[in-house]
Protein chains: 2
Amino acid sequence: MVRLSKKMEYALMALKHFALAEGGIVTAKEISEKHNIPYELLAKILQKLKKDKVLSSIQGTKGGYQLLKKPDEIDLFFLMHTIDGDMALTECQCSHNENGKCTLKELCTIKQPVTKMQKEIEDIFKSKTVSDFV
Amino acid sequence: MVRLSKKMEYALMALKHFALAEGGIVTAKEISEKHNIPYELLAKILQKLKKDKVLSSIQGTKGGYQLLKKPDEIDLFFLMHTIDGDMALTECQCSHNENGKCTLKELCTIKQPVTKMQKEIEDIFKSKTVSDFV
DNA sequence: TTAATCAAGACTAAATTAGTCTTATTTGGG
DNA sequence: CCCAAATAAGACTAATTTAGTCTTGATTAA
């Protein structure tokens, strides 16, 4: 099954919200309530986005988050890495398995064409940015 | 995370095996042993492929499976449906949720662009056939 | 009759994903 | 100074999905 994680959906919804706020400060609570996203979960997503320099944060009362990058500078491939970690179509393609952890090893007879397909799907994700979702 | 299921990998490996057997009868056991695929799991995959007219089966001793379709007639989109069921990038895109089961409902603000992206990814799957994996 | 095979469904286990809880820390304002 | 509202971070639990196993039965060539 090929599917965006809930986290990715939430991240996109949140980033759309930030984009529409046009640089203003927005709190996790505001986004959580407006879009019906579990607060704690959203908070962690925003923290990840901060860690990867997509957002900046302001602590304390009157605090919140702000967009650091422009919506059209945030592509979905980057976002997937930030939110979900490695994106790979099959186990043997992802980076932490390059050194022979894939149980199929040389027995796996479909690796090459899968790699090609992987590339094509990655390109789709790279070609989409948050601005496409606003 | 976007990833092919193990079942899809196994199905592709098995179908490649059938393709190379050029119409000959192949048993589940043979494929299972040669490619290190759990027998019972593979057996169920082959049964699904039979149900969707990709393979035909012959029961009894000397039995086995045979390709019914040509490798280039079996595209990965069809295969995903056969093996994994619905393929949808987000919950609200998949057919069994059309009637309002998606918890985000109208609150979901990213539906349209996701639908477009979904279409592009589906097109990639439709453009690949088993013959690309042989 | 027996052994090898497909057929089918129930069951269990493992892995992943989603969501919650708890305990800080920061900071503006009364 | 203290409180309330906010971010920060990690442990924990729950739910879902995926992978794999077990069992029982039917078919058929030798």
Side-chain angles (χ1 to χ4, degrees), chain A residues 1-11 13-14 25-33 35-52 54-66 80 83-88 90-91 94 96-97 101-104, chain B residues 1-11 13-14 18 25-33 35-52 54-66 68 80 83-88 90-91 94 96-97 101-104:
Chain A
M1 196 74 86
V2 172
R3 177 164 298 185
L4 293 183
S5 67
K6 281 278 180 203
K7 284 182 194 169
M8 269 297 279
E9 286 183 44
Y10 295 157
M13 288 163 75
I25 296 174
V26 182
T27 66
K29 191 174 174 232
E30 183 183 335
I31 296 175
S32 157
E33 287 176 352
H35 301 284
N36 225 11
I37 303 173
Y39 175 79
E40 317 281 354
L41 191 50
L42 177 67
K44 284 200 291 193
I45 290 168
L46 298 183
Q47 281 165 32
K48 280 187 183 176
L49 291 173
K50 187 209 166 180
K51 214 169 263 172
D52 277 5
V54 175
L55 300 174
S56 61
S57 74
I58 300 146
Q59 283 198 316
T61 328
K62 304 281 168 187
Y65 295 90
Q66 262 179 315
M80 292 266 296
I83 303 299
D84 288 328
D86 248 353
M87 170 186 172
T90 59
E91 195 187 347
C94 62
H96 50 79
N97 270 315
K101 273 177 64 187
C102 174
T103 49
L104 298 173
Chain B
M1 195 74 87
V2 173
R3 177 163 298 184
L4 291 183
S5 68
K6 281 278 180 202
K7 283 182 195 170
M8 269 297 279
E9 287 184 43
Y10 295 157
M13 289 164 73
F18 279 105
I25 296 174
V26 182
T27 66
K29 191 173 174 232
E30 182 182 336
I31 296 175
S32 158
E33 286 176 352
H35 302 284
N36 224 14
I37 302 173
Y39 176 79
E40 317 281 352
L41 191 50
L42 177 68
K44 283 201 290 194
I45 291 167
L46 299 183
Q47 280 165 33
K48 280 185 183 177
L49 290 172
K50 186 209 167 179
K51 214 169 263 173
D52 276 4
V54 175
L55 300 175
S56 61
S57 72
I58 299 145
Q59 283 200 315
T61 327
K62 302 281 170 188
Y65 294 91
Q66 261 179 317
L68 260 187
M80 293 264 297
I83 303 299
D84 287 327
D86 248 353
M87 168 186 172
T90 60
E91 194 186 348
C94 62
H96 50 78
N97 269 315
K101 273 177 66 188
C102 175
T103 49
L104 299 172

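All of these numbers come straight from a predicted model, not from anything done at the bench. Heavy atoms only: backbone and side chains are in, while hydrogens, waters and symmetry mates are out.
Relative to the side chain of Thr61(A), the nucleotides dA18(C), dA4(D), dC6(C) differ in distance, and dA4(D) lies closest. Distance from the side chain of Gln47(B) is smallest for dA7(C) among the nucleotides dG9(C), dA7(C), dA8(D). Side-chain proximity of Gln59(B) to the nucleotides dT7(D), dA29(D), dT27(D) is greatest for dT27(D). The side chain of Leu41(A) lies closest to dA18(C) when the candidates are dT7(D), dT23(D), dA18(C).
Per the geometry, OH belonging to Tyr39(B) stands 8 Å off P belonging to dT5(C), to the nearest Å. Rounded to whole Å, atom P of dC6(C) lies 15 Å from atom CG of Leu68(B). If you measure from atom OH of Tyr10(B) to atom C1' of dA19(D), you get 8 Å, rounded to the nearest angstrom. Rounded to an integer number of Å, the gap from Asp84(A) CG to dT17(D) P is 16 Å. If you take NZ of Lys6(A) and P of dT17(C), they are 14 Å apart, rounded to a whole angstrom. In this structure, the CD1 atom of Ile58(B) is 17 Å from the C1' atom of dA30(D), given to the nearest Å. Nucleotide dT17(C) holds its C1' atom 12 Å from the CD atom of Glu9(A), rounded to whole Å. In this structure, CG of Leu42(B) is placed 12 Å from P of dT21(D), rounded to the nearest angstrom.
Nucleic acid contact for Ala43(B): none, since no nucleic acid atom lies under 4.0 Å from a heavy atom of the residue. No contact: Leu46(B) has no heavy atom under 4.0 Å from any strand. Backbone-only engagement by Tyr65(B) is indicated by non-hydrogen atom pairs under 4.0 Å involving sugar-phosphate atoms exclusively.
Using a 4.5 Å cut-off on side-chain heavy atoms (C-beta onward), Tyr65(B) and Glu30(B) make no contact.
Between Ile37(A) and the options His35(A), Glu33(A), Glu40(A), a side chain to side chain contact (heavy atoms under 4.5 Å, CB included) holds for only His35(A).
Side-chain atoms of Lys62(A) stay outside donor-acceptor range of the base of dT26(C), with no qualifying N/O pair under 3.5 Å. Judged by distance alone, with hydrogens and angles left aside, Lys44(B) brings a side-chain donor or acceptor within reach of the base of dT21(D), the pair sitting under 3.5 Å.
The side-chain hydrogen bond (donor to acceptor under 3.5 Å, both in side chains) search around Ser57(A) returns Lys50(A), not counting sequence neighbours.
Residue order along DNA chain C, read from the 5' end via each residue's closest nucleotide, puts Glu40(A) first among Gly60(A) and Glu40(A). Comparing Lys51(B) and Lys29(B), the nucleotide of DNA chain C nearest to each residue sits closer to the 5' end for Lys29(B).
Minimum interatomic distance between Ile25(B) and Gly64(B) (heavy atoms only, all atoms of both residues): CG2-CA, 3.7 Å. The two residues Ser32(A) and Pro38(A) make their nearest non-hydrogen contact at OG-C, 4.3 Å.
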- Under the 3.5 Å Watson-Crick or G-U criterion, the dot-bracket string of DNA chain C, with | for inter-strand pairs: ||||||||||||||||||||||||||||||
